[in-house]
Amino acid sequence: MEHKHYKKSKYQAWTKDLHRILCMQGGEDDGSYAKNSEAPASAVVLSKPLLIEAIHSMKLFSNETSIRIADLGCATGYNTLSTMELIVGTLSQRYEREQYYCNSNIDKNNNKVPEFEAFFSDLPSNDFNSLFRSLVPSSLEDSIKKPYFTAGVPGSFYKRLFPKAKLHFVVSLSALHWLSQIPEEVLDKQSPAWNEGRAWIDGGKKAAVDAYAKQSSEDLEAFLQCRKEEVVQGGMLFLLMAGRPGCSQPDNQLGDPDSRAKHPFTSYMDQAWKDLLNEGLIDEDTRDTFNIPAYMRSMEEVREAFEKCDGFEIMKLEFQRIVEHSKEKQEEWIKDPVSYGKCKANLVRATLKPIVEAHLGQVLCEELFKRFEKRVSEDITMLHKTCFYGVIVVSAIRK
C-alpha cells in the first residue's frame, strides 16, 4: 500500500495540468457519473421551463441551411442527450409552426426546417467513448429518424473551441462552477492562502477564498469572451451552474448550516483526509495540496462578468435551490445508513475520482472513499437533516 513517503513531485504535478484530468467519472458502473447525476438531473428539470422560454425567445435564422448547437461541459449520460433533444425538438417545432422556411433558401419541397448540428464538448479526459456509444442508433430506422448530426469537440471551454460566428445556441449545464485551475497561491505553503486542513474553501480563511474568487472571475470572463466570438448575433447562451445565495459571502459557498455540514465537499471529505493522515498513510503536505477546483458564484458575480464582456444581453438570471433527494429516499436511508453512505461515496467518486486518483494513486484513492463512506454511514443525526444545492440559471442573447 502507498504511504506517507509518496513523492511530493508526483502529487503536485497534476495541478498544473488540471484540464487533462478533471472530468466526471466515466463508464456505467456504480461509481460512474452516468449512475450518480441525480442532482444535476434535478437542476436540469428545474431549469427546463426557462430553457424552453429561452428557445422561444431567440431569433430564428431563416437563411441558414443548418443550425449549430453546442453543449459545453457535456460529460456523459441521460442529461446530455435529453437536453439536446429538447433544444432540437423545440426549435424544430418553432420553424415548423412559424414557417420561416417559406422565405429561406431551403428547398421547401424537401426540407421544412433547417438541419441541426449538435456539438458535444468537454475536456479531453471526458469519457467520449461512452457518450458516443449512447448516440449510436439501435437500428437503421432510428438512424433515418435521427434529428441532428453529431460531433465531439475536446477542449476547455475557457478557451476558443469554434470558428467565429459559428454557433446559434450554446448550453452549459452543471459545469461552469469547475475552475480552469487551482490558484497557485493556495498551493504555496508560504502563502497566506495555503488551504491547510481543508479540501475546499467553504468556511476557509479569507486569503484562500479570495484566491478562488479571483480565479472564478477570470474564468467566467474568459468563457464569455470566447462565446462572444463564437456565437452569431442573435444567438442564445443558456447556462446553469452551481451557485450561492446573494446574501452569502464567498466563504459561505452553500448557504444554510445543514447544507454546509452535509455537503460531500465539506465535513466528511475533510474527515476522510484526516483519517488517512492519522493512520500514517499520507503526510500533511499530501492532504493540504489537494483542493477541489470548484467555486459557487453569486448572481452579482455572474452579472458583473456579463457586464465586463459586453457581448450578451441577459434575458433571465435566477437563483434556485434543489433538495438533495426526495423525502421518500431520506426515510429509506434513515432505516439503512450503510446504503446512504455507499450512495454518497459513489456520488463523490463520480465527481472527484479522476483528480483524487491523480493526487494519491489508485490504492489510496479507494482508501479515501472507504473512509468517506464510513464517516457518512456512522453520522445518523445528519441523515435527519436536508442539504440543498444552489444553482444559477442564465439565458442571454448575443448582441
Side-chain angles (χ1 to χ4, degrees), residues 2 4 6 8 10-16 18 21-25 31 36 39 177-189 191-213 215-216 242 244 250-254 259-279 281-296 341 344-376 379 382 387 389:
E2 296 178 71
K4 65 182 179 181
Y6 189 69
K8 185 174 182 179
K10 182 179 178 183
Y11 67 66
Q12 280 190 336
W14 68 272
T15 63
K16 302 296 183 183
L18 188 59
I21 59 168
L22 178 60
C23 63
M24 302 297 100
Q25 181 63 21
N36 293 277
H177 50 275
W178 295 105
L179 302 178
S180 66
Q181 66 181 53
I182 299 164
E184 291 185 6
E185 54 265 54
V186 174
L187 300 170
D188 181 358
K189 197 171 184 178
S191 168
W194 175 251
N195 199 25
E196 183 179 5
R198 293 178 180 272
W200 195 38
I201 59 165
D202 185 79
K205 53 189 174 183
K206 186 177 186 303
V209 174
D210 288 348
Y212 264 69
Q215 185 65 56
S216 168
R244 69 178 195 275
D251 66 329
N252 182 356
Q253 290 276 288
L254 301 167
S259 294
R260 299 183 75 180
K262 202 177 181 185
H263 194 280
F265 288 0
T266 55
S267 303
Y268 299 130
M269 178 60 62
D270 290 341
Q271 291 165 4
W273 281 97
K274 190 173 182 180
D275 287 341
L276 293 187
L277 177 64
N278 291 342
E279 293 169 34
L281 298 175
I282 60 171
D283 58 22
E284 289 187 357
D285 281 358
T286 305
R287 176 194 64 181
D288 296 338
T289 48
F290 179 83
N291 290 271
I292 298 171
Y295 181 84
M296 314 308 184
K344 286 303 172 186
N346 281 336
L347 171 63
V348 175
R349 281 190 179 92
T351 54
L352 297 181
K353 183 178 178 180
I355 60 173
V356 173
E357 193 169 288
H359 191 72
L360 291 178
Q362 185 175 5
V363 175
L364 280 179
C365 175
E366 279 308 307
E367 293 298 322
L368 178 74
F369 293 132
K370 287 178 183 177
R371 305 305 185 280
F372 180 93
E373 181 177 336
K374 184 173 184 290
R375 287 283 187 173
V376 174
D379 194 350
M382 197 61 70
C387 176
Y389 300 116

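Keep in mind that this is a model prediction, so the values were computed, not measured.
Taken to the nearest 0.5 Å, the CG atom of Asn195 stands 5.0 Å off from the CG atom of Asn291. Atoms CE and CD1, from Met269 and Ile292 in turn, are 5.0 Å apart once rounded to the nearest 0.5 Å. The CD atom of Glu357 sits 11.0 Å away from atom CG of Leu364, with the distance rounded to the nearest 0.5 Å. Rounding to the nearest 0.5 Å gives a distance of 8.5 Å between CZ of Phe369 and CG of Leu360.
In plain terms, the two heavy atoms of Trp178 and Thr351 that are nearest each other are CH2-O, 4.2 Å. Closest non-hydrogen pair, Cys365 versus Val356, comes out as SG-CG1, 3.7 Å. Closest approach of Ala294 and Gln253 over heavy atoms only: O-OE1, 4.5 Å. Smallest separation of non-hydrogen atoms from Asp251 and Gly204: CB-O, 4.2 Å. Among all heavy-atom pairs drawn from Ile201 and Ala208, the shortest one is CG2-O, 4.2 Å. The shortest non-hydrogen separation linking Thr289 to Leu187 is O-CD2, 3.5 Å.
Side-chain atoms of Asp270 come within 3.5 Å of backbone N or O of Ala199 as a donor-acceptor pair. Listed for the Arg287 side chain is no donor-acceptor partner under 3.5 Å among the backbone atoms of Trp273. Listed for the Lys189 side chain is no donor-acceptor partner under 3.5 Å among the backbone atoms of Glu196. No donor-acceptor pair closer than 3.5 Å links the side chain of Arg375 to the backbone N or O of Ser267.
For Asp275 and Lys374, the salt-bridge test fails: no basic side-chain N is under 4.0 Å from an acidic carboxylate O. Checked for salt-bridge contact, Glu367 and Lys370 meet the test: a charged N lies under 4.0 Å from a carboxylate O. Using a 4.0 Å cut-off between a side-chain N of Lys or Arg and a carboxylate O of Asp or Glu, Glu366 and Arg349 qualify as a salt bridge.
By the 4.5 Å heavy-atom criterion applied to side chains, Leu254 and Phe265 are not counted as neighbours. Residues Gln215 and Gln181 have side chains in contact (heavy-atom distance under 4.5 Å, counting atoms from C-beta outward). A heavy-atom distance below 4.5 Å is found between the side chains of Leu179 and Ser216.
Under 3.5 Å, the side chains of Asn252 and Arg244 contain no donor-acceptor pair of N or O atoms.
Taking the six-membered ring where tryptophan is involved, the planes of His263 and Trp200 are essentially parallel, since the angle between them stays under 30° and well short of 60°.
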Check your understanding: What's the verdict on side-chain contact (heavy atoms from CB on, under 4.5 Å) for Val376 and Met382, showing C-alpha distance, side-chain angles and the deciding distance?
Key -> CA-CA 8 Å; Val376 174; Met382 197 61 70; over 6 Å; no
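Each of Ile282, Leu276, Val348, Leu281 was compared with Leu368 under the side-chain contact (heavy atoms from CB on, under 4.5 Å) criterion, and only Leu276 meets it.
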